[in-house]
Amino acid sequence: MALELPALPYDYDALAPYMSRETLEFHHDKHHQAYVTNGNKALEGSPLEGKSLEEICKAAYAEKNAALINNVGQHYNHLHFWKWMKKGGGGTSLPGALAKAVDSDLGGYDKFRADFINAGTTQFGSGWAWLAVKGGKLEIMKTPNGENPLMHGASPILGCDVWEHSYYIDYRNARPKYLEAFVDNLINWDHVAEMYEAAR
Ligand code: MN3
């Protein structure tokens, strides 16, 4: 089955002023669409065609297939990125089991917030900051380009895109300000909790 670009789960104006309509139009309609188009080209005739996105991500990384790592990896990452945000999101009201795990595995919400923002700030060049489950525990990670935690033996439950296309229109070069706005005002903790339950 070919990769497809889903519609955003909210209106293009829903995340303003933290993420503008213009950013979402470029990021979703142009960038994500390009990953879908190029991912389909890279999958055509490949033995991985028809496998799940998770399986393709892991196999592509094991085989060092750059076209699949970057395009199918980015398709997976963006499918969730849209769902990891919502209007009126962010802040400290994490669902119960997840809040407990953040306390026991990451040293509490404030340390999670600082470490997640730091991971995104210190990812040199393009990439992602992650909250992932590895060996049954939560872990903060960062990866370059189209990679994700699936390729590194972990299950992503939250990711923030730190490619310049994700923040340059709204924040110019101020990547830390974008990461702060993402954590404080955009995170859809319900989707994070859903992925946490599936991963643990
Ligand atoms: Mn992106």
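One-based numbering, in listed order, for ligands and for the atoms of each. Computation of the quantities below employed the complete heavy-atom set of this structure, encompassing side-chain atoms and omitting hydrogens, waters and symmetry-equivalent molecules.
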Residue pair [X] / [Y], side-chain donor-acceptor N/O under 3.5 Å:
X      : Y      : result
Thr143 : Trp130 : yes
Ser126 : Asn145 : no
His27  : Asp161 : yes

Under 2.8 Å from the Mn ion (ligand 1) - protein N/O/S, by chain and number:
His27 NE2, His78 NE2, Asp161 OD2, His165 NE2

Under 3.5 Å, side-chain donor or acceptor atoms of residues 53-61 against the rest of the protein: list the pairs with distances, not counting sequence neighbours.
unit_1: Glu55; atom_1: OE1; unit_2: Ser52; atom_2: N; d: 3.1
unit_1: Glu55; atom_1: OE1; unit_2: Ser52; atom_2: OG; d: 3.2

Can the ring centres of His28 and His78 be said to be less than 6.0 Å apart?
no

Just wondering, more than 12 heavy atoms not from Phe112 lying within 6.0 Å of its CZ?
yes

